[in-house]
Novice: 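Okay, here's the structure, questions in a sec.
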Amino acid sequence: SKLDYLQWLGVNAVWLSPCYPSPLKELGYDVSDYVNIEPRFGSLAAFDRLVNEAHQRDLHVILDWVGNHTSAQHRWFRDSRSSRSNPGRNWYLWRDPKPDGSAPNNWVSVFGGSVWQWDAATQQYYLHTFLDSQPDLNWREPGVRAAMFDSLKFWLDRGVDGFRLDAAPLFFKDPEFRDNPVNPDYKPGELPDGQLLPVHTRNQPGLHELFADLRAFVDRWPGGRVLLGEFYTPIEELVTFYGTRAPELHLPLNLTLTYSSWEPGVIGRIIAQYQGRVAGRGWPTTTLDTHDQERIVVRAGLTQARVAALLLLTQRGTPTIYYGDEVGMRGVDIPAMQAVDPQGRRTGRNRDPTRTPMQWSSDIYAGFSTVEPWLPVGADRGNANVASQSRDAGSLLTLYRRLLELREAGPVLREGLHEPLAAGPALVA
Ligand code: NOJ
C-alpha cells in the first residue's frame, strides 16, 4: 500500500529483509523454508501482487537471501541432526570434539560464545556463526548448492529482480577448521567474534567460484537481475567481489560508512580510497545506514542529517537509503535487557533502536499499524513523519526527493568522476 510513496520519493528498487517462513528467533534471518512467505507477513499470493504492483511503477524488488545458515527448524537441519547416517548429515558442519571433549576449535560466534554447539543425541558438535538456532550450511556439499540455487530459481521465476546475499564472505570455512589468531586490536564493546582475526572463517577457498556461478545463474533470466552482497571486509578485499577471472556480484555493498565516525577527515579518506579502488573494476555503492547499525541521525545529529543526505545522494554509483532516514527518524532508545534483537540481549549491542516502525504520520502507531507493534514508535513521530514532511518544502524528506530527482535528471551525479578537493579538515569536498 506504500508503493506510490516509494515511486513519489524517486527510488528505483526496494530491498526487503527476509520474509520467508521463520521462527523469527533472529527476526527472519533464521529461515525455515526458502520458497515461501512467512504467514505473519502475508502469503505467496500477496507477494506476487507486491512484485506485480511494484513493476507497474518501475520499482524493482530485491530479496534478502540468507545463504550462510538456516533456522534449526528447517527440514534440512532436522534431517541432518536426526542421525549420523542421515543422507543430509553433511549438509551442515558437524565435527567430533577434541580428545578432551571440548569444542573442535576456538572460533567465536558473532553473538558471543563458541560457534560450536554440542548435540548430545549424535555426539558431535555443529557450527553456528550466529545463534545456535542458526546452523551454518556446508557449501562444499553439492546437495546444498543445488537446493539453494533452486530457491533462487523459484523467486527469479516469480519476477524478483535480485538478491542481497546475507553474510556474503562467510559462506565457506577453512576445510581444516584451524584456530583463528587472536586480534590484538579488539576493543571491548565490539561484537564478540572480533576477538579473533577471521583468517580461517572469512573469504575462504570456494567463495569466488560460488559467486561467479551465482552470477552466471541469475544472468540466465531476462531483464537484468542484480546481486548485492553484504560485506564487512576491508575495501581492497571488497572490490575483488566484482570478480577477477569471471564476473561475480554486481554490487558488493560498501558498508564502511555505516560504522565509521562522522568526521570529515575519516569520511573523505574512505570515499577517496573506495572510489579509487573501485574505478575500472565495477560500479560503486554508498550506504550510510542498515538495520544492523545506529542510524545516521543518532551518529551525526539531526542537523547533519541534511549533510548526510547530500553526501549519500551525490556519490558516484548506487546509493541505498534505509527506511525512515529520509524523514530523519531517530529510532527509540531500547535498553539491551528489553531487546527483541537477540544480538542486543547477548552482546549489549542492541539493534532494536534502528528497527522501530516506519513513521508515516504522527498517529499513535505512526500510521504503521492499527495495533501495538512489536517495537515502540519513536517519540519524534510528531515531526519525523512522511505526512508532515511531504507538505513542507524545507523538510529533510523534500531534500531527499529533490536530490533523487537531480540524480535522475542527468548523468553527472550518477556517473561523473570523483575527484577529492583539499578543503581543509572541516569539510569533505
Ligand atoms: C546479516 C544481517 O544483516 C543481520 O541482521 C543478521 O543478524 C546476520 N546477517 C545473521 O543473519
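Treat the numbers as computed from the prediction; the structure is a model and nothing was measured. Read the numbers this way: they start at 1 and go in the same order the structure lists the ligands and their atoms.
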Novice: How are the rings of Tyr322 and His291 set to each other: parallel, tilted or perpendicular (split at 30° and 60°)?
Specialist: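 Judged by the thresholds at 30° and 60°, the geometry between Tyr322 and His291 is tilted.
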Novice: Check this for me, if you would: do Glu141 and Arg145 make a salt bridge, where the nitrogen-to-carboxylate-oxygen distance has to be below 4.0 angstrom?
Specialist: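 Salt bridge between Glu141 and Arg145, a charged N being under 4.0 Å from a carboxylate O: no.
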Novice: So Phe77 and Tyr92, would you call those rings parallel, tilted or perpendicular, with 30° and 60° as cut-offs?
Specialist: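 Perpendicular.
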Novice: Ligand 1 versus Arg355, non-hydrogen atoms closer than 4.0 Å: side chain, backbone, both, neither?
Specialist: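 For Arg355, only side-chain atoms sit under 4.0 Å from ligand 1.
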Novice: List the closest protein heavy-atom neighbour of atom 1 (C) of ligand 1: residue, atom name, distance to the nearest 0.1 Å.
Specialist: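 So the nearest neighbour among protein heavy atoms is Asp166 OD1, 2.7 Å.
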Novice: Where does the angle between the aromatic ring planes of Phe130 and His69 fall among parallel (under 30°), tilted (30 to 60°) and perpendicular (over 60°)?
Specialist: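 It falls in the tilted class, 30° to 60°.
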Novice: Can you tell me the protein heavy atom closest to atom 6 (C) of ligand 1 and the distance?
Specialist: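 Nearest protein contact, heavy atoms only, for atom 6 (C) of ligand 1 is Glu26 OE1, 3.4 Å.
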Novice: Show me which atoms of ligand 1 lie under 4.0 Å from any heavy atom of Arg351.
Specialist: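 Ligand 1 atoms under the 4.0 Å threshold to Arg351: 4 (C), 5 (O), 6 (C), 7 (O).
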Novice: Would Arg295 count as a cation-pi partner of Tyr323, with NZ or CZ less than 6.0 Å from the six-membered ring centre and within 45° of the ring normal?
Specialist: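 Yes, a cation-pi geometry.
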Novice: Could you give me the CA-CA distance, side-chain angles and deciding distance for Lys173 and Asn68, then say whether side-chain hydrogen bond (donor to acceptor under 3.5 Å, both in side chains) is met?
Specialist: CA-CA 10 Å; Lys173 280 81 189 170; Asn68 179 68; 2.8 Å; yes
Novice: Quick one: look at His69 and ligand 1, take heavy-atom pairs under 4.0 Å, and tell me if it's side chain, backbone, both or neither.
Specialist: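 For His69, only side-chain atoms sit under 4.0 Å from ligand 1.
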Novice: Could you list the atoms of ligand 1 found under 4.0 angstrom from a heavy atom of Arg164?
Specialist: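 This gives 2 (C), 3 (O) as the contact atoms.
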Novice: Suppose we measure from atom 3 (O) of ligand 1 to each protein heavy atom; which comes out shortest, and what is that distance?
Specialist: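 Atom 3 (O) of ligand 1 sits closest to the protein heavy atom Asp292 OD2, 2.5 Å.
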